[in-house]
Amino acid sequence: ATAAIPKTQKVILINETGSYDVLKYQDYPVPSITDSEFLVKNRYSGINFIESYFRKGIYPSEKPSILGREGSGIVVAKGKSVKNFELGDKVAYASGAAFAQYTKVDDNGKVVKLPKDADDETLKLYAAGLLQALTALTFIDEAYNVKEGDFILNYAAAGGVGLILDQLLSKRGAHTIAVVSTEEKLELAKKHGAEYGIVSTKEDIVAKVKEITNNEGVDAAFDSVGKDTFETTIASLKRKGTFVSYGNASGPVSPFSLKKLTGNIKILRPSLFFYISTDEEWQHYSKEFVSLLNSGEIKINIGHVFPLSEYPKATQLLEERKTTGKLVLEVPQ
Ligand code: NDP
């Protein structure tokens with residue numbers, strides 16, 4: 001059974017890698033679904049930095065490629081064997097091709113079912129929080145299990161992932177040292193629980209870390225900047241500290257010699273995806289997310305909402321470090 005679903009829709013796609021001008025807002029066929037898939041009419045999609053890696057070709061993708069990895073909306077069609085969802089269900093999901101009016105999702109995919117009466121604000125919040133909160137939640141448990149009293153270096157601490165990390169680290173009783181590029185961003189990070197701050201455009205990160213940690217260094221660093229901060233992060237770690245390298249905002253980390261890992265430091269390069277691969281893992285972390293969001297224990301700070309058509313402008317601001325919190329796209333209905 002299907003409601004009136006058009007044949008074509010508006011999407012954001014790329015046919016080639018490049019700068020902002022390769023991003024096209026255009027008509028494209030609405031996807032057809034298999035027996036085990038359902039179709040979501042999107043209300044909101046969340047913007048993530050990873051889209052820029054696909055656009056630039058830092059990560060490969062088939063072309064043409066509709067961007068977007070998370071969204072929320074209403075189920076408007078379903079395949080014969082879909083068991084978990086009904087027409088009219090409201091959902092938030094992590095799945096590809098979400099910068100579109102319609103997205104197909106697998107019955108056993110990464111989906112959170114929302115209450116039937118969920119309003120637009122709720123849909124917006126879930127599209128905004130899903131991937132970044134799961135990133136923060138899985139990383140503080142599994143990339144480095146953060147303990148009370150730990151000193152943690154948190155880069156891009158006023159960004160989407162960063163503001164959620166600030167909150168979760170403080171909840172756990174760790175001392176967060178936020179690294180940000182401006183005073184305004186620092187103020188925001190502190191409002192979300194960061195205890196110390198380093199304004200990277202004005203201060204020396206390693207010197208300040210040493211000062212704050214009584215010369216010892218941090219127990220762990222969550223570094224999403226990549227290339228530009230690799231050496232700085234190594235030098236900021238305590239003996240036996242953990243380097244969680246999880247992004248390439250300044251470009252991918254260059255190859256390095258294992259001799260760099262002096263002081264028995266550990267390094268890992270985690271992806272959220274591999275912490276939520278099994279259904280058990282997905283259930284565990286997605287339920288934790290829903291519960292923290294509903295109880296108000298974490299707040300999703302939405303910096304700005306753009307219409308879907310303005311994704312190119314939105315990502316330019318994101319990539320030029322001019323944004324804070326999460327950026328969301330509102331999908332035309
Ligand atoms: P953010 O909102 O954090 O935006 C990126 C921020 O990075 C900027 O605001 C800026 O903050 C900082 N930054 C530092 N250096 C640069 C640079 N040279 N160019 C651009 N930005 C820079 O984005 P997201 O929350 O979407 O993502 C944060 C990071 O986490 C990204 O690197 C992303 O790839 C990574 N990530 C990784 C995941 C994984 O599974 N491994 C999952 C999710 C996100 P400032 O101005 O304060 O320096």
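In each ligand, atom 1 is the first atom listed, and ligand 1 is the first ligand listed. It should be emphasised that the depicted structure is a prediction, and the values quoted were computed from it without experimental measurement. In what follows, residues are counted from 1 in the order of the sequence shown.
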For this session: Check the pair F230, F256 against ring-ring contact (aromatic ring centres under 6.0 Å, His included), reporting the backbone distance first and the verdict last.
Result: CA-CA 10 Å; F230 182 75; F256 62 91; 4.7 Å; yes
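At a heavy-atom distance under 4.0 Å, only backbone atoms of N248 (N, CA, C or O) approach ligand 1. The part of Y53 lying near ligand 1 is the side chain, judged by heavy-atom distances below 4.0 Å. Under 4.0 angstrom from ligand 1, the non-hydrogen atoms of F139 all belong to its side chain. For K322, no heavy-atom contact with ligand 1 is shorter than 4.0 Å. Residue-level proximity to ligand 1 for V225 is carried by the side chain, the only part with a heavy atom below 4.0 angstrom.
Assignment of A158 to the shell around ligand 1 is not supported, since no heavy atom sits closer than 4.0 Å. Contact analysis puts S271 in contact with ligand 1, with a non-hydrogen atom separation below 4.0 angstrom.
Note that CG of N215 is 13.0 Å distant from NZ of K238, once rounded to the nearest 0.5 Å. Atoms CD1 and CG, from I302 and L163 in turn, are 12.0 Å apart once rounded to the nearest 0.5 Å. Atoms CG and OG1, on N42 and T103 in that order, are 4.0 Å from each other to the nearest 0.5 Å.
Among K326, R69, K185, the residue whose heavy atom lies closest to atom 11 (O) of ligand 1 is K185. Of the candidates L318, L131, V161, T315, it is V161 that places a heavy atom closest to atom 25 (O) of ligand 1.
Cation-pi check for K104 over F38 is not met; the charged atom does not lie both under 6.0 angstrom from the ring centroid and within 45 degrees of its normal.
Below 4.0 Å from some heavy atom of T135 lie the following atoms of ligand 1, by number and element: 42 (C), 43 (C). Listed by number with element, the atoms of ligand 1 under 4.0 angstrom from any heavy atom of V180 are 47 (O).
Using cut-offs of 30° and 60° on the angle between ring planes, the pair F54 and Y59 is perpendicular. Note on ring orientation: taking the six-membered ring where Trp is involved, the planes of Y311 and F99 are tilted (angle from 30° to 60°).
For Y285 and F289, the gap between ring centers reaches or exceeds 6.0 Å.
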